[in-house]
J.: 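Have a look at this one before I ask anything.
Along the sequence shown, residues are numbered consecutively beginning with 1.
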Amino acid sequence: MTDSRWLDPEIDGILDDDPELTQLAHLVRAARPEPSLDTRFQAVLRAQLMREAAVGTPAASQRNQRAPRQRVVRRVWWRRPSHFAWGGAGLGIALAAAAVISIMRPIQDHQVVTAGSPVAELHQVSPDHVITVAFSQPMNHQAVVAGLHIRPATEVSTAWQGNNLLITPTHRLAGNTPYTVTIDRSAAQAANGAVAATDIHISFGTAPTPPPAPAVVSLTVTALGTVEAGSQLIAGPAGSVIATSSSAAPTTPTPPTSPKPSATASPSGSPSAAGAAPLKVSRTVLFGPGGTTDLGPASSSTAISANGLRLVSAVSSGSGSQVVLSTVNGGKNTVLTTLGVPVLATGWLSPDTAVVAESDRILTIDLQGHVSNLMALPAGTTTVMFAPVGGHAYAGGAGGDGALFDLATKHSRVLAGSRTLAAFSGDGGTVAWIDSSQPIAQLMTAPVAHDQATIIPLDHPGDGVAEIALDQTGARAAIIDHPAAGGDQLDINALPSGTVVARGPSGTHPVFTSSGNSIALVAASGQAEAAILPGPPTPGTTTTLPNGAAGVLQAFVDAQTSGDAAAISALTVPSLAAAQVTPHGLTRAYVISAAVNQNGTISATARLIIDASVAHPLASFADESLTLTPGPGKQAFQVSAIAVSPLHDEPVGPHVVHLTPMNVGGVLVLQVAFDSDLRQATVGPAISVTTGDGQVLPATTVYDAERRTAVVTLTVPANTPVSLTVNSGLLDVDGQALASAFTTAVGG
C-alpha cells in the first residue's frame, strides 16, 4: 500500500482518491526527490507576496464573488474525455500544487523570520522616501535596530508600526545612487526567539535629483536722461553710463574745446562756455550719481581708458572724423588729429596710446596727436570693436567670418560663423559672438587667449538676436532678443549654462556698468534707462568647460545607461566602437569630473552602475575614462576615446560621485560630493589640492552634511588647472574608510 505521508491532504483532495493517478504521483516523487529550496528564495517570495497583497488585495465582496467561480472551474477540470488526458493535466496540477505548498510551509513557520519592503528592487525611489521593512511576525525591536546597516553609510532614525520598521534618513538620500539595507541574520530576532535563515538584504536605487529651476527676475528700469537717435552707451567709471549723443541739460559745467594746432577743422557743434545753460546741441554726456556731466561734442564712438580717467572719441567732421581727447570729469577737450575718412571704432592700447579703426586699417594715436599705422584690416570690414583692456580687437562684415586680432602680436584667428555681432567682457578676457552661419543662430563665447569656443544654449533658439553685451567677467550676457512671435525683449543669461536669470523691456546698445550690478540700454522712447540686476553673478561651473562638451558628455552617459546603441554611435567618432565596450544591463550612471586639456580636448571620468538584486546582492560598478574632441568646425564635441574597467562589486566605504569647479568672486572653489554621510572631522584633512608641478595649495574646506558635499575654497584664479586628491583617511559615519585614494584633474 502506498504511504499517504508522501502527499499533502490537499493534493489527496485534488486527485479525488483516484488510485491510478495517486500511484503515478508516488512513483514520480520517489524517482525525483524534492530538492531543498534556497532559503533566500523563500524570503523573497514572501516579500513579493506581501507587496502584491498591499497593492492589490481585493475587497471581501470581490473575494466572495470569485469563490463560486473558482469552485465551478475546479469541477470542470476533472471532467476528462480519457484517462490519458485527465492523468496528464491532473499530474501537472498536482506537482505544481505540491511545489507551492512546500515553498509556503517554511514561510508560515513561526520559527523562521522573513522580511520585505515596498522599495525592494525599485530603481527610481524618491530621495525623500522613508524606507519600510515589513517583518513576518512581531520582532525584538532593539536587536533589529542594532543589526541594521545601510550602504552607502547613512545616518537614520527608526520607529516601529506593528511589525513594520520605519527607517528615516537624517538627510535626504543621495540622488541617482544604489542603496542596500541589511539586517544581520542574528539580529533579525522575533519576539518568540525565532531568527532569519540568512541576512536580510533590501536593495533599491534612487531617482536623480533635478537642480532647482532659477527664478527669472523682471527688471525695473529707471530713466537716466534723453539721448539722440543712434546714440551708443558705454560703461563709465564707478558704475556711471556714458552716452555718445544727448541733448540732456548738464548739471556740471560744459568743458571748452582746445584744438591741436594741426587740426584742420572744428568739432561738430559749437562748445558752450564753462558754466553754460542747458545744451543747445547734442553732446557726449555722463549719467552718474551726481547728475549729468557734459564731456564734449557728440561722437560716433567713444572709449574710456583702462584707468578710467580719459575718453577718446570720434567726432564726425564733413566726410571725415576728428579724434578728440577728453576727461571723464568734464574738463578740457583736445582735438588730437583729423582723419579724412569715417572712424568705425575707438579704443585704447595703453593708458597713453589710443587706437582708432577705419574700414581698412587700425591706427595708433598718442596723447600728443602722433599717428601711426598699426595693422591692416580684411577687405569688407564694416564692424570693429576694441576690448576695454587687453589689446584685442574684433573685425567683421556681412560677407564672411569675422576675426579676433591680438594688437600686440598682430596675430589673428577666425571666429567661425561671426559676422557683425560681437562683444568683449569688461576685463577683456572673453569674446562673444553670434554664429550666423547656422540655420538657427547661436551664441558663442571663447577666451581671447586661446581658441576654445563654447556654444551657449539660448532660451528661444529660433529667435533672432539683434545685440549682445558681456559683463565685467563674462559671467553674464545681455541679449536683445527678436522673438518669432511677440515683441522684442532683453534677456540676461548666466554663462555658460545660458539660463535666463532676468528679463526686461527691449532697447538698443545694452551695456553692463563697471560696478557689475546694473545694466543700461537705450529705450525706444529715446531715453537712456538703467535697471538693477538680481544680485551678483550666480556662481556656476567654470567657463573652462564648454557647454557643448558638457551636453555631449551627459547625453553619451545617458545613452549608455539606456543601452541606446544608435545614440552612442551618433555621439562618437566613426572609428570608435563605444557600444561594444559598454556593460549591458546598466541601471544608472553619473559623470564624476571633467577637465579641459591644453589642446582643447576634454578628459572626463564617469561611473557606470548595475543596481543590486536578489541574484547579486551588491551593486556592480565600472569606472570609465572618456576623451571628447571638438568636431568639424569646432561647433560640436564627439567622444573620441573610451576606456571602461571590468565590472566589480561596490567597495566598502564612501565614494566621490561628483566634482564641480566654481567661480566665486574670481577664485576657484571646488564642490566635492559624496554618496555617504561622513565624519566631519575627517573631511578637511583628507582633501588636498595641488598645481601641475605638485605644489600644495592652501585651501579652506567646509563640509555641508545636508548635501554630503565638501566645499573647498582656494586662493588661485578660477581658471587655474589643479589636481584634487581625497585620501583614505576620509571616514563615513560607520567608520568605514575610502577604499582607495581618489585623484582627478580640475579646471584648465
J.: For this output row, return yes or no: ring centroids of Phe621 and His655 closer than 6.0 angstrom.
T.: yes
J.: Please round to the nearest 0.5 Å and tell me the distance separating atom OH of Tyr590 and atom CG of Asn176.
T.: 8.0 Å
J.: Do Met444 and Leu415 have side-chain heavy atoms sitting under 4.5 Å apart?
T.: no
J.: What is the distance from atom OG of Ser203 to atom NE2 of His123, rounded to the nearest 0.5 Å?
T.: 10.0 Å
J.: Salt-bridged, Arg419 to Asp435, with N to O below 4.0 Å?
T.: no
J.: Run Val181 and Leu148 through side-chain contact (heavy atoms from CB on, under 4.5 Å) and show every step you take.
T.: CA-CA 7 Å; Val181 176; Leu148 174 66; 3.6 Å; yes
J.: Measuring from atom CG of Leu586 to atom CZ of Arg607, what distance do you get when rounded to the nearest 0.5 angstrom?
T.: 13.0 Å
J.: With respect to His149, which candidate in Thr182, Thr154, Thr180, Asp184 satisfies the side chain to side chain donor-acceptor pair (under 3.5 Å) definition?
T.: Asp184
J.: Hey, which of Val746, Leu697, Thr690, Thr744 is the one that makes side chain to side chain contact (heavy atoms under 4.5 Å, CB included) with Ser723?
T.: Thr690
J.: Contact between Phe674 and Leu730 at the side-chain level, heavy atoms closer than 4.5 Å - yes or no?
T.: yes
J.: Compute whether any side-chain donor of one residue and acceptor of the other, for Thr601 and Thr629, lie under 3.5 angstrom apart.
T.: no
J.: Does a salt bridge link Asp611 with Arg588, judged by any charged N lying under 4.0 Å from a carboxylate O?
T.: yes
J.: So, the side chain of Ser728 versus the backbone of Ala737: is there a donor-acceptor pair under 3.5 Å, distance only?
T.: no
J.: Starting from the C-alpha separation in whole Å, work towards a yes-or-no answer on side-chain contact (heavy atoms from CB on, under 4.5 Å) for His129 and Tyr179.
T.: CA-CA 12 Å; His129 204 84; Tyr179 278 88; over 6 Å; no
J.: Between Asp199 and Arg185, is the closest basic N to carboxylate O distance under 4.0 Å?
T.: no
J.: Hey, is the main chain of Leu647 close enough, under 3.5 Å, to the side chain of Ser620 for a donor-acceptor pair?
T.: no
J.: Start with the C-alpha gap between Gln736 and Arg151, add the side-chain angles, then the distance that decides, and say whether side-chain contact (heavy atoms from CB on, under 4.5 Å) holds.
T.: CA-CA 11 Å; Gln736 301 166 136; Arg151 295 179 64 183; 5.5 Å; no
J.: For Thr627 and Ser640, test the side chains for any donor-to-acceptor distance below 3.5 angstrom and give the result as yes or no.
T.: no
J.: Check the side chains of Ser603 and Asn597 for a donor-acceptor pair under 3.5 angstrom, ignoring hydrogens and angles.
T.: yes
J.: Between Thr582 and Gln560, does the side chain to side chain donor-acceptor pair (under 3.5 Å) criterion hold? Intermediate values first, please.
T.: CA-CA 7 Å; Thr582 299; Gln560 288 184 295; 2.9 Å; yes
J.: If you round to the nearest 0.5 Å, how far is OG of Ser117 from CD1 of Ile131?
T.: 7.5 Å
J.: Is it the case that more than 12 heavy atoms not belonging to Glu706 sit under 6.0 Å from its CD atom?
T.: yes
J.: Kindly compute the distance separating CD1 (Ile183) from CD1 (Ile202), expressed to the nearest 0.5 Å.
T.: 6.0 Å
J.: Report the distance from atom NE2 of His648 to atom CG of Leu618, rounding to the nearest 0.5 Å.
T.: 11.5 Å
J.: Could you give me the CA-CA distance, side-chain angles and deciding distance for Arg708 and Asp675, then say whether side-chain contact (heavy atoms from CB on, under 4.5 Å) is met?
T.: CA-CA 7 Å; Arg708 299 180 180 87; Asp675 62 352; over 6 Å; no
